[in-house]
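All values below were derived from every heavy atom in this structure, side-chain atoms included, with hydrogens, water molecules and symmetry-related copies excluded. Below, chains carry the letters A, B, ... as their sequence lines are ordered, and counting in each starts from 1. Nothing here was measured: the structure is a model prediction, and the numbers come from that model.
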Amino acid sequence: MRYWLMKTEPTTFSVEDLAAAPRRTTGWDGVRNYQARNMLRDQMKRGDEAFLYYSSTEVPGIVATMRVVREGYPDPTAFDRKDHHYDPDSRRDDPRWFMIDVQLKRRLKRVIPLSELRAHAGRELRGMALLRPGNRLSVTPVSEQEWQFILALE
DNA sequence: GCCAACGTTGGC
DNA sequence: GCCAACGTTGGC
């Protein structure tokens with residue numbers, strides 16, 4: 001079993017939206033980056049857990065944990081001409097973009113801010129993908145040690 | 001709103 | 001295959 005971190009902008013999709021969704025589950029569609037695509041398609045497995053992370057907000061940070069409930073499958077928004085994430089180069093018989101389904105496990109008792117994660121970048125969270133300079137990936141791996149350490153901060 | 005860090009695109 | 005231009009991300 002592996003651990004991940006998935007970014008969302010709360011104005012686009014929030015933990016409240018996820019909590020209100022049927023079975024507290026949502027399809028994580030719209031990812032249009034090859035590195036992230038590869039993780040969604042090939043590496044994220046049923047039962048893996050993921051942090052829900054808020055970006056582009058007053059206090060960026062981790063707000064919840066989620067569980068992977070469906071493994072990679074073609075992202076239909078890429079086929080939809082009217083969708084913001086439409087990609088004419090992705091075809092149904094040769095899909096380019098993939099998505100997974102995630103279920104809310106639980107909200108954290110408090111937001112763990114990015115600034116607090118950074119404060120541990122020199123030791124426990126050294127090498128954490130999220131903290132690497134210039135990181136922009138919307139999906140990043142989290143090691144088991146990082147996962148446990150961050151939950152202990154809670 | 002600024003801007004650094006990337007990824008992508010396309011001319012050559 | 002190189003690289004400049006451009007678009008996007010996301011912290012601050």
Side-chain angles (χ1 to χ4, degrees), chain A residues 2-21 26-44 48-66 68 71-102 104-143 145-147 149-154:
Chain A
R2 302 172 81 172
Y3 300 93
W4 308 91
L5 180 144
M6 307 178 78
K7 293 181 187 174
T8 180
E9 298 187 16
T11 52
T12 303
F13 185 81
S14 69
V15 66
E16 288 82 8
D17 294 330
L18 182 54
T26 191
W28 204 269
D29 60 18
V31 173
R32 297 291 180 268
N33 171 282
Y34 287 104
Q35 255 184 284
R37 185 279 308 270
N38 292 346
M39 288 187 268
L40 292 168
R41 186 188 59 187
D42 307 329
Q43 297 180 16
M44 302 181 77
D48 284 3
E49 294 186 35
F51 285 130
L52 183 63
Y53 174 91
Y54 276 178
S55 65
S56 295
T57 188
E58 322 80 68
V59 181
I62 295 169
V63 298
T65 61
M66 308 183 291
V68 176
E71 296 178 8
Y73 60 100
D75 180 348
T77 65
F79 308 134
D80 182 355
R81 209 171 274 283
K82 294 187 294 291
D83 195 280
H84 181 243
H85 297 289
Y86 174 61
D87 179 358
D89 293 332
S90 183
R91 304 203 327 261
R92 287 180 191 278
D93 58 357
D94 185 19
R96 173 177 295 189
W97 304 114
F98 286 73
M99 58 185 284
I100 61 170
D101 289 356
V102 286
L104 177 64
K105 194 174 174 199
R106 67 177 183 88
R107 301 181 63 146
L108 299 192
K109 298 181 191 75
R110 66 182 183 93
V111 176
I112 313 287
L114 175 62
S115 59
E116 185 171 343
L117 299 176
R118 281 203 196 288
H120 301 282
R123 288 180 55 87
E124 293 89 347
L125 299 182
R126 187 176 339 139
M128 187 179 179
L130 175 74
L131 305 180
R132 281 208 280 269
N135 163 64
R136 298 183 318 176
L137 275 183
S138 62
V139 180
T140 53
V142 175
S143 75
Q145 291 86 342
E146 290 160 357
W147 180 272
F149 178 77
I150 290 165
L151 285 182
L153 292 175
E154 182 186 7

Between [X] (side chain only) and [Y] (backbone N and O only), is there a donor and an acceptor less than 3.5 Å apart?
X: A:S56; Y: A:E9; result: no
X: A:E154; Y: A:K109; result: yes
X: A:D75; Y: A:G30; result: yes
X: A:Y3; Y: A:E146; result: no

A:D87 CG - C:dG7 P separation (whole Å): 17 Å
Round to the nearest Å and state the distance from A:H85 atom NE2 to C:dG7 atom P. 18 Å
Heavy atoms, side chains only, cut-off 4.5 Å: are A:Y34 and A:R96 in contact? yes
With a 4.5 Å limit on heavy-atom distance, are the side chains of A:M99 and A:P76 in contact? yes
Set of side-chain contact (heavy atoms from CB on, under 4.5 Å) partners for A:Q35, sequence neighbours left out: A:N33, A:L137
Give me the distances for all protein-to-nucleotides 9-12 of chain C N/O pairs that come in under 3.5 Å?
from: C:dG10; atom 1: OP1; to: A:K7; atom 2: NZ; distance (Å): 2.8
from: C:dG10; atom 1: OP1; to: A:R136; atom 2: O; distance (Å): 2.9
from: C:dG11; atom 1: OP1; to: A:Y53; atom 2: OH; distance (Å): 2.7
from: C:dG11; atom 1: OP2; to: A:S56; atom 2: N; distance (Å): 3.0

Cut-off 3.5 Å, side chains only: do A:R32 and A:S90 have a donor facing an acceptor? no
Members of residues 29-43 of chain A that approach DNA chain C, where some heavy atom sits under 4.0 Å away: none
